[in-house]
Amino acid sequence: MKFKKMMALVASTVLCVGMLAGCGSTSSSTGSQSTSSKSDKKVIGFAQVGAESGWRTAETDSIKSIPTLDSNFDLKFSDGQQKQENQIKAIRSFIAQKVDLIALDPVVETGWDTVLQEAKDAKIPVVIVDRNVTVSDDSLYKCFLGSDMEEEGKKAAQIVIDQFGKDAKLNIAELQGTVGSTAMVGRQKGFNETIKDCPNYKIVKSQTGDFTRAKGKEVMEAFLKSDGDNINVLWSHNDDMAVGAIQAIEEYGKQPGKDIFIVSCDGIKDMFQLMADGKSNAIVECNPLLGPQLLEVSKDILDGKDVERSIKSKESQFLQKDAATELPNRQY
Ligand code: GZL
Ligand code: ZN
């Protein structure tokens with residue numbers, strides 16, 4: 001009898017320990033761990049686009065550093081894998097977990113009204129970071145924190161004009177970012193508007209490479225196959241696609257940065273290295289280090305303070321002659 005009693009005791013103990021361990025981590029789509037009791041920390045739920053580029057992972061690292069910048073904050077993270085439906089699911093999960101604030105980096109600009117209305121109904125403030133949303137009701141989010149993507153497109157075009165002059169005859173190949181994203185829409189608009197009074201600038205090729213290296217290489221290969229000997233300039237909406245395109249240009253037998261002038265956006269280390277190696281010509285910086293600014297604006301919102309509707313990130317531009325000196329300063 002004694003043995004049986006002892007076994008029953010052991011079994012119930014094991015069962016209790018198992019249950020305790022289970023309630024210590026959330027199984028939400030964010031995959032983040034959180035303490036079993038609702039601590040008095042403020043929790044930010046961050047619905048990220050994906051992990052498609054060096055810029056993206058740098059932005060993720062910066063925003064994930066918020067709890068180390070301020071121990072009163074906790075962060076739940078979700079990688080949307082570049083799919084809007086995953087981001088919408090993540091926002092609903094954050095609402096269910098009653099986070100204090102939601103930060104969204106929207107893969108594309110439209111399709112957010114319903115889920116942002118749900119966050120508003122749940123009285124959870126929303127901050128849009130990096131890319132922007134187009135919504136019918138501006139009260140669906142408190143503030144936009146990110147770049148002026150049109151400005152980035154204008155800077156890229158001005159670099160080409162400074163290099164070749166307004167009257168040059170140029171065939172330009174364009175690697176577009178994710179179709180419908182603020183980065184793609186803004187950069188394309190800014191570039192095209194700026195080359196308007198350059199009568200002999202022609203965009204002879206334009207296709208999306210979805211901001212990835214692999215797709216950028218694939219699309220550039222197709223551009224080269226169909227019109228490779230006539231392309232003078234490659235305008236890439238981000239560095240990662242340009243990295244892929246540079247490989248394609250070399251495999252095609254041309255010299256990137258010499259036979260084809262290359263300008264791209266972001267400012268990742270790999271691109272500075274390629275520029276220092278003479279294989280690219282200019283970078284329009286896009287700042288991914290948004291963690292500290294997101295923390296500040298979140299604090300203000302949660303303290304009930306008014307915040308600016310739009311907070312622009314600080315960013316610069318670099319030419320090939322700047323690459324070697326700037327390279328050691330790059331953090332991502
Ligand atoms: C720009 C950001 C873009 C980067 C790409 O702010 O949204 O998305 O330029 C990233 O590298 O994929
Ligand atoms: Zn930017």
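Note that the numbering runs from 1 along the sequence shown for the chain. What you see below is based on every heavy atom in this structure, not just the backbone, and it leaves out hydrogens, waters and symmetry mates. Ligands are counted one by one from 1 in listed order, and the atoms in each one are counted from 1 as well.
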#### Entry: Connected via hydrophobic side-chain network under 4.5 Å: Ile246 and Ile172
no
Self-check item: Distance under 6.0 Å and angle within 45° of ring axis: Lys154 vs Phe191
Solution: no
Applying ring pair (Phe, Tyr, Trp, His ring centres under 6.0 Å) to Phe272 and not counting sequence neighbours gives Phe318
Once you restrict both partners to nitrogen or oxygen, which atoms of ligand 1 have a protein partner under 3.5 Å, and how far apart are they?
from     : atom 1 : to     : atom 2 : distance (Å)
ligand 1 : 6 (O)  : Asp130 : OD1    : 2.3
ligand 1 : 7 (O)  : Arg56  : NH2    : 3.1
ligand 1 : 7 (O)  : Asp130 : OD1    : 3.1
ligand 1 : 7 (O)  : Asp130 : OD2    : 2.8
ligand 1 : 7 (O)  : Arg131 : NE     : 2.8
ligand 1 : 8 (O)  : Arg56  : NH2    : 2.8
ligand 1 : 8 (O)  : Arg131 : NH2    : 2.8
ligand 1 : 9 (O)  : Arg187 : NH1    : 2.8
ligand 1 : 9 (O)  : Arg187 : NH2    : 3.3
ligand 1 : 9 (O)  : Asp266 : OD1    : 2.6
ligand 1 : 9 (O)  : Asp266 : OD2    : 3.4
ligand 1 : 11 (O) : Ser53  : OG     : 2.9
ligand 1 : 11 (O) : Asn238 : ND2    : 2.9
ligand 1 : 11 (O) : Asp266 : OD2    : 2.6
ligand 1 : 12 (O) : Glu52  : OE2    : 2.5
ligand 1 : 12 (O) : Ser53  : OG     : 3.4
ligand 1 : 12 (O) : Arg131 : NH2    : 3.4

Ignoring waters, protein N/O/S atoms under 2.8 Å from the Zn ion (ligand 2) are Ser147 OG, Glu152 OE2, Cys286 SG
In short, salt bridge (charged side-chain N to carboxylate O under 4.0 Å, His left out) pairs touching residues 195-206 with sequence neighbours left out are Lys166-Asp197
Next on the checklist: Whether the Gln97 and Ser93 side chains hold a donor-acceptor pair (N or O, under 3.5 Å, no angle test) is what I'd like checked.
Outcome noted: yes
Heavy-atom closest pair (Ala323 atom, Ala276 atom, distance to 0.1 Å) is CB-N, 3.6 Å
### Ring centers of Phe46, Phe94 separated by less than 6.0 Å
no
Query raised in the report: Does NZ or CZ of Arg56 lie under 6.0 Å from the centre of the six-membered ring of Tyr332, at an angle within 45° of the ring axis?
Result: no
Sub-3.5 Å donor-acceptor pair from the side chain of Arg131 to the main-chain atoms of Val107, do we have one? yes
